[in-house]
Amino acid sequence: MKKGDIIIISAVAAAFVLSIVLLISFSKQGSRVVIKQDNKIIYNKSINANETVDTGTNTVVIKDGIVYMSDATCKNQVCVNTGKISKKGESIVCLPNKVIVEIE
Amino acid sequence: MSAKQGNCGNRINIKSITLYALFVAVCLIIGYLESLLSISLIAVAPGVKLGLSNAIALTLICRGDTKGAWAVNITRICLSALLFGSPISFLFSLAGGVASTAVACILSKLKSVSAIGISIAGGAVHNIFQCVAATVFVGVGVVYYLPALLIFGALCGAFCGVLVKLVLNKIKINGIF
Ligand SMILES: [Zn+2]
């Protein structure tokens, strides 16, 4: 082990800690679920509401702080395939049905 | 084989071409064995590899042959993508490979850094760039694997560094190539 090696190991350790700190500070758990249809807010409740919302075209499941689109009438199914969201700023968009699920 | 024949300046002779080809072949076999192993490593993060084949290029870098290291690494990445990979996995490993080779070459010029330090830095940088490349194709969510990838890359780098040091000592004692 030389002096330079120890500097490199410290730098990697610092980068490791920094990356964790950055990730934690950027990934704040969301608090509210907002569902919009045709640009109108049709739902705005806590993320812990444990409800299933049916917009008529899409089914949104809110369970234990996790939100996902379980069902949709659209052809592309992009919204259903988006998967689960839970962090602030994340969203699920169904363009064909004009439904947007956002976490705030 | 006389010892004086070792380095012929910038001219690439038949001996080094053969040697590089041999190294690439060893890299490919290691890479294939690793891809079999990687199924059990997927718990750490997707796409994680031990990166043992980096030890080969590192051996060349530590002997001062940075050109040879580039040749072996780029050839290895292209061939292993053709044999076992996909276009996307090729771009991932190219991003990681180019970045880590560049860092290793720069650090090898510093007298205060040994093979272990070069390898740790190379491993960490490799995984950082691979992660950044992955965000383009998979999405920003991949960033959450960065801390795990970083520490894993550094640990594997340390392992490779120790390996290279042992190999270099053997080369010195036995006078191979
Ligand atoms: Zn949809």
Side-chain angles (χ1 to χ4, degrees), chain A residues 1-31 33 47 60-70 72 76-95 100-104, chain B residues 44-46 51 58 61-62 99-100 103-132 134-135 138-162 164-166 168:
Chain A
M1 282 287 194
K2 290 184 191 169
K3 204 176 128 197
D5 295 346
I6 292 157
I7 295 170
I8 286 169
I9 292 169
S10 326
V12 170
F16 175 66
V17 173
L18 192 73
S19 64
I20 287 181
V21 169
L22 281 178
L23 282 180
I24 289 172
S25 60
F26 274 115
S27 63
K28 287 206 179 86
Q29 179 71 25
S31 57
V33 182
I47 196 162
V60 183
V61 177
I62 305 160
K63 197 167 180 280
D64 303 325
I66 288 166
V67 183
Y68 62 95
M69 195 83 84
S70 66
N76 60 27
Q77 295 286 300
V78 167
C79 51
V80 175
N81 293 328
T82 303
K84 294 169 177 173
I85 59 171
S86 62
K87 307 247 163 14
K88 200 175 174 173
E90 283 184 316
S91 64
I92 302 173
V93 180
C94 182
L95 277 179
I100 301 171
V101 182
E102 279 176 324
I103 295 183
E104 291 182 348
Chain B
V44 182
L58 197 66
I61 289 172
C62 290
S100 64
V103 166
C105 286
I106 292 163
L107 288 175
S108 69
K109 304 273 183 258
L110 303 173
K111 286 229 158 56
S112 62
V113 184
S114 78
I116 297 172
I118 296 171
S119 189
I120 290 174
V125 167
H126 181 275
N127 280 4
I128 291 171
F129 274 79
Q130 203 159 42
C131 196
V132 170
T135 58
V138 186
V140 189
V142 186
V143 173
Y144 289 101
Y145 291 110
L146 188 62
L149 283 170
L150 190 67
I151 218 72
F152 194 79
L155 285 176
C156 294
F159 179 71
C160 284
V162 173
V164 167
K165 238 180 174 168
L166 293 173
L168 286 172

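Hydrogens, waters and symmetry mates are skipped; everything else that's a heavy atom, side chains included, is used.
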Report which part of [X] has an atom under 4.5 Å of a heavy atom belonging to chain A: side chain, backbone, both, or neither.
X: K111(B); result: backbone
X: A121(B); result: both
X: L107(B); result: side chain

For [Y], is there any backbone N or O sitting under 3.5 Å from a side-chain donor or acceptor partner on [X]?
X: S91(A); Y: E102(A); value: no
X: S100(B); Y: H126(B); value: no
X: D5(A); Y: I116(B); value: no

Given the options I118(B), I151(B), I128(B), which has more heavy-atom pairs under 4.5 Å with chain A than any of the others? I151(B)

Taking every heavy-atom pair that is under 4.5 Å apart, which of V125(B), L110(B), V113(B) has the most such pairs with chain A?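 Looking at each of V125(B), L110(B), V113(B) in turn, V113(B) comes out on top.
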
Would you say the side chain of T82(A) lies within less than 4.5 Å of the side chain of M69(A), judging by non-hydrogen atoms?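 Side-chain contact under 4.5 Å: no.
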
Measuring only between side-chain heavy atoms, which start at C-beta, is I92(A) closer than 4.5 Å to I85(A)? yes

